[in-house]
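I have placed the structure first, in the form of structure tokens, so that the comments after it can refer back to it.
Sequence lines set the chain letters: A, B, ... in the order given, protein chains first and strands last, and positions in each chain run from 1. All values reported here derive from a predicted model rather than from experimental measurement. When reading the values below, keep in mind they use all heavy atoms of this one structure, side chains included, and skip hydrogens, waters and symmetry mates.
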Amino acid sequence: MSSFLSLRDVWVEYGDKIVLERVNLEIDEGAFVSIIGPSGAGKSSLLRVVLGQDAPSRGRIELDGMPLEPQCDSNRGVVFQRYSVFPHMTVLENTLFGLECAQAPFTARLFGAARRAAVAEAKDMLHAVGLGDNGSLYPAQMSGGMQQRLALAQALVKRPRILLLDEPFGALDPGIRSDMHRLITDLWNAYSLTVIMVTHDIGEAFSLGNRVLTLDKLRHDPHAPNRYGASVVYDLPLTRKDPPRGAAELPAARSTRKGKNNSITIDKIDNT
Amino acid sequence: MSSFLSLRDVWVEYGDKIVLERVNLEIDEGAFVSIIGPSGAGKSSLLRVVLGQDAPSRGRIELDGMPLEPQCDSNRGVVFQRYSVFPHMTVLENTLFGLECAQAPFTARLFGAARRAAVAEAKDMLHAVGLGDNGSLYPAQMSGGMQQRLALAQALVKRPRILLLDEPFGALDPGIRSDMHRLITDLWNAYSLTVIMVTHDIGEAFSLGNRVLTLDKLRHDPHAPNRYGASVVYDLPLTRKDPPRGAAELPAARSTRKGKNNSITIDKIDNT
Amino acid sequence: MQDRGRSVVRWVDRRIGRTNGLLMGAVPILLLVLLYLFFAAERHAINPADKILPLPGAMVDAMRALVLERDPLSGRYLFWADTLASLQRLGLGLAISTASALLVGLVLGLLPPVRATFGMLVTGIAVIPPIALLPILFIAFGLGETAKVALIVIGIAPFMIRDIAAHTAELPREQIVKAQTLGASTWQLMLRVVLPQAMPRLFQAVRLALGPAWVFLISAEAIAADIGLGYRIFLVRRYLAMDVILPYVAWIAILAALTDILLAWSSRRLFGWAHRSAA
Amino acid sequence: MQDRGRSVVRWVDRRIGRTNGLLMGAVPILLLVLLYLFFAAERHAINPADKILPLPGAMVDAMRALVLERDPLSGRYLFWADTLASLQRLGLGLAISTASALLVGLVLGLLPPVRATFGMLVTGIAVIPPIALLPILFIAFGLGETAKVALIVIGIAPFMIRDIAAHTAELPREQIVKAQTLGASTWQLMLRVVLPQAMPRLFQAVRLALGPAWVFLISAEAIAADIGLGYRIFLVRRYLAMDVILPYVAWIAILAALTDILLAWSSRRLFGWAHRSAA
Amino acid sequence: SPSGEEPAAPKTQFSIGWSIYAGWMPWPYAEQAGIVKKWADKYGIEIDIVQVNDYVESVNQYTAGQFDGVTVANMDALTIPAASGKDTTALIIGDYSNGNDGVLLKNAGGLADIAGRQVNLVELSVSHYLLARALESGDLAMTDVRTVNTADADIAAAYTSPDVTAAVAWNPQLLTMKQEPGTLQVFSSADIPGEILDLLVVDTATLEANPDLGKALVGIWYETLALMQQDDEAGAAARAAMAQLAGTTPEMFEAQLATTHLYVEPGQAVAAATADALVETMTRVRDFSFAQGLFGQGASSADVIGMAFPGGKTLGNPDNITLRFDDSYMRMAAEGGV
Ligand SMILES: Nc1ncnc2c1ncn2[C@@H]1O[C@H](COP(=O)(O)OP(=O)(O)OP(=O)(O)O)[C@@H](O)[C@H]1O
Ligand SMILES: Nc1ncnc2c1ncn2[C@@H]1O[C@H](COP(=O)(O)OP(=O)(O)OP(=O)(O)O)[C@@H](O)[C@H]1O
Ligand SMILES: [Mg+2]
Ligand SMILES: [Mg+2]
């Protein structure tokens, strides 16, 4: 079976600054890939390219064997590093929006029973991210962490096939953070999600992911810092006794997957 | 000796939402106070009040025994949670700005030798935060973590008496993060800084601070989540064998202070 | 170094209350009125029949007939009939301009191919002074109400369209992408993400366009009309009746200022999210 | 659900290249020209002496004398002399307006007490149609160049001031606070933080004001001038000489569009940080 | 003088405003041809001839004191400066309109067809007066038509619109409008000869203090008129130059001159100024103006404003004379005294 998402010799350049060079990557359906690397390495840039927001300056990206158009759709959900919630919608409206788009192609608004059902679904998700009480606030009235959680709820309520997360939990306190870890793991198990997550927390990278990628520069010229871009320097598949996947086993999954990172195999790879 | 910074019965309200209530706090000169607490507890709001950006809705704040005007000056440096760098200045210009304001009251620009000296100082600081190569970039051309480091460099180059940090290291990878910890600890030791830092990383809170405050709601009415605000629920002075302070001992301090959080005493206090 | 002891709040940091703001705002206007009275009195000392800067008494006399008495010829209260006619034209012109600014502006701002095709045309139309093309406008729209409304629309719509288009094009790309990942079609994106965020800007654009709109209304009424505030002003200009012109201009300023205040207030009411939170 | 197989890029996501953009932009303008020719030909089929929509040949004939031949009386090439005179007035008016928009706009936007005191006055002036005040303007400024420049300034400066003030007041409070913690005085804040960030907006405001500026220039020249593009248009309008008016209007449009393009280009060059990064 | 005004001090710099009209084109031509300078130098003064594109504005500016003199029609001299209390002297009676103003109808058989139509014209101007006289001659009343104020600069273009079926205008617009297919001129100033006069007026106090100004102005005027009347190359060249200054072709300009009755000889102008017909005309004009409210709100009767005529005749309030027809300078020119 050809892999789900594949990047072939992908480069990302801004003007004459080379950010990513020669990235080759095959990601299987259902993988949970954590990406770590120094600040400024190009992690967010990589996510943008996979999302289809930016086109790579060279190379090819294929999804399910088809070349990826540089555009976004509801197959790929995203939580950006910077706040990407809609400032003119309340928390509840922000969360409802995805549901409304799917069900009301023309008005993008729901009424009556359909709305009540969507509101219930959105509220469940808001409770899950700890914003249950804040449905009527506008983003400007919320703290940084709350906005980030809203962005997450917004993406999750659409149950995308691929979920791209850019430091989603950076601004959260440890309590809510482990709740969110549980939530994302459950969803991953329940919906055969493919997750690509950028994080600065190595513990998080290893405990959540089943594959950890490290982005960094392979070469560095101190006199021309922009000459060389980063690439994948470590690609660590984590082999664990995974429980069988499926929505039915959700409660079981919750306890089995939590906080395990035993039996890891590490291979140093050369990406060139 | 009356304390350096004191908050007496401070309330912060937005409309009818009570964010902070009855906060009483005495902070000594030279303290390193870490503030932790759940997302949305009011940590950033507390910093804004201490900074003088917002006036408390009730209560009094005194600095050195004088009531604090709700305005900001170069005695108090700040790194905001959201990016507060100037988008129209390059990295170097952003860092130079504080120095230029002090030395050129009229033009706010330096020329000739004075400029060269300031540039050297700014570049040193940029190297310290790992942005040495990026002096000519504009903020929009940088990653989230790089912008945060720039904000830090900007504040530190002014050597303020009080430094207010709102999750300054949240978006940094572990390597650069420990560099930054070292930097801030050194500066704290060398310049008898008073630091108030909000963080979500409990380890960071305890390893850097000599006092840890926890903000949370004392009471919660599920039917009226806005009725009660947060206050200081734990106030933990950390007693350690501190090395004698002074710029001369900087290299020593670097090794002694790193990563220590032994002999901590914890007192649950009631703030009401 | 800064002296910390001073208790003067910097001007940047001062917050002005509502009542204080009104009072302070009234001061320079009052001063201007006084200045006018001074000059008027001075001119009248030299020539008691001076018409250029009439005294308040003369203005009251002149206006009384227009405001309170029926015009014997038409049976109308001229002042009120003028006001009504002008406001109707202005309202219609503003409404059409606003609607087209929204429609065209959003599409231009959001869809690069459309912007490439029509952006230059809109710029071109925006910079052509419509009063230079009046003869062609007469052919296209005749000389009736349509022509007056059309002049207002041609005068302000391109400007508003460009403003809305520029604002729309500045929306953070992250928001567009986010909406697309939430399954929004271009239409849904327009309707729920771009349009609502353009609304406060639209209100701002209407406020900025009010001045030019009045200019074009008055120009249109000066060209061919038999009623309207601009008609009256240009008619009585024939005999330098500043005692009518000045109250009329003041009345226009009051009407325009009221519209402005109303728009600012509605924008704050309707789009609270877009304005500084009330701390 | 969306079909993933289609290879059509959504319009929102299309990027248009430079050359393509120019070509696409030319299409509707060409269409308009064709439309004009069609109507003109039709009118001439009915009335060969039609003056309202002249054919290109007539325009070339009429313009040749103005552009290429010295006026025997004054010894000037009228077309070029008109252009020069108008551009001088316009340039001066724009320069004064821009300078005052910067000065007053920044201060109004940044300092709440000043805004409270003068905001209402500026709004009031912005909404008074200067056309209605023409007699007073000419009395106050005489009939020379000053009055024409003054009309432009009075017409556009308040609008630009309000725009800059609103933009300045929207600067994130975090930036002001940050600058203050870096020791910036109000003056330094203004000079280094607020002013440079207002500059791109100022360019945008000048671009938006170009249309009204031409309108006011032409209005002023229509009333009191003996040279200038607007003077010529109003002079020959008595004879319905559209064969001169249309080329003059087209010339004005070209001049204005060039200014607009120049401003847009300089803004991109000078304030790269404010425009979308070139990916 | 009515207001206890101090007499204006003698001065050497004067400005005269003018606007484009066939009967006033000699002024800018005289300026360009150096005739103005020649006469000004003779009296040791300076005279600026200033063009104002908008006729009403030129008169307003004179009223406001920006000019020492202005070219104006008799009715407007009465209703604008004189009614504003500015003591004004009509120094030169240049011509009367002899067909330069006309009432035009589209698709009409005669004047009677105007009834019930909407008439576009510059309200409260000589056009309005002409319309009133036309209606009077057709036994119609003002209430039988509806007037729509239309700017003089735009009336030619407006007339091409199908919306407009009746209009009153003056030259050069009138000539342009007559070319519109289906147009009939049903009444013109040629039907009321001598009632629409084109004047040069100056501020009375200034003239009293500076009689040299009056002498120079009549000197300029009659020398230029003589030149343009010449049936030779020089005369044709002068007329062509005036056409050019008016923005039109020599043919069109000649056509306009044909409907302008110029008082070429100063003697003719003196005769016009001293004729009883002038008093009669001004009475008519004044009654019309008063009926239209042109004397302002304060005016209680047509008599509030006083006019003086040569030979001590007056009309209206003799204590408030603000418009004076003065033949003395024209008479000087006639007698070669300048
Ligand atoms: N618009 C742009 N123009 C120029 N350079 C850019 C632009 N955006 C990003 N870069 C550069 O690309 C590099 C990678 O940025 P990116 O945001 O992908 O880093 P990152 O790995 O996500 O860092 P962080 O962990 O700090 O978020 C950085 O060096 C940055 O300076
Ligand atoms: N402008 C505002 N209007 C109304 N409510 C506000 C406003 N700003 C903040 N709040 C509320 O105040 C509370 C505290 O916000 P604050 O930003 O201080 O939290 P925080 O502790 O810094 O959270 P985080 O860790 O997520 O940054 C939140 O519940 C937020 O909703
Ligand atoms: Mg990033
Ligand atoms: Mg916070």
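- Using a 4.5 Å cut-off between heavy atoms, D:Leu246 contacts chain C through its side chain alone, with no backbone atom that close.
- Looking at C:Val215, the atoms closer than 4.5 Å to chain D (heavy atoms on both sides) sit in the backbone and in the side chain alike.
- Applying side chain to side chain contact (heavy atoms under 4.5 Å, CB included) to C:Pro129 and the options D:Ile233, D:Leu217, D:Ile218 leaves one that passes, D:Ile218.
- If you measure heavy-atom distances from C:Phe216 to chain D, the contacts under 4.5 Å come from the side chain alone.
- No part of C:Leu229 comes within reach of chain D, as not one of its non-hydrogen atoms sits under 4.5 angstrom from that chain.
- Interface residue C:Thr117: backbone and side-chain heavy atoms are both found under 4.5 Å from chain D.
- Applying the side-chain hydrogen bond (donor to acceptor under 3.5 Å, both in side chains) test to every pair with at least one member in residues 240-264 of chain D, sequence neighbours left out, gives these pairs: C:Arg162-D:Asp260, D:Asp82-D:Tyr248, D:Thr83-D:Trp251, D:Arg207-D:Asp260.
- Ranked by heavy-atom pairs under 4.5 Å with chain D, the first of C:Pro113, C:Ala126, C:Ala257 is C:Pro113.
- Neither the backbone nor the side chain of D:Met190 comes within less than 4.5 Å of any heavy atom of chain C.
- Side chains of C:Leu32 and D:Leu121 form a contact here, defined as non-hydrogen atoms less than 4.5 Å apart.
- Interface remark: of the candidates C:Leu210, C:Ile254, C:Ile136, C:Ile136 forms the most heavy-atom pairs closer than 4.5 Å to chain D.
- Interface residue D:Ile252: only side-chain heavy atoms are found under 4.5 Å from chain C.
- Going from atom NE2 of C:His167 over to atom CD of D:Gln204 covers 11.0 Å, rounded to the nearest 0.5 Å.
- Contact tally against chain D (heavy-atom pairs below 4.5 Å) for C:Ile131, C:Ile176, C:Val114: the top residue is C:Ile131.
- For chain D, the nearby parts of C:Leu111 are the backbone and the side chain; heavy atoms of each come within less than 4.5 Å.
- Contact tally against chain D (heavy-atom pairs below 4.5 Å) for C:Val177, C:Leu53, C:Leu134, C:Ile125: the top residue is C:Leu134.
- In this structure, the portion of D:Arg43 lying under 4.5 Å from any heavy atom of chain C is its side chain and not its backbone.
- With a 4.5 angstrom heavy-atom cutoff, D:Leu208 touches chain C via backbone and side-chain atoms both.
- Surrounding OH of C:Tyr36 are more than 12 heavy atoms belonging to other residues, nucleotides or ligands, all under 6.0 Å away.
- D:Ile261 does not touch chain C: none of its heavy atoms, backbone or side chain, sits under 4.5 Å away.
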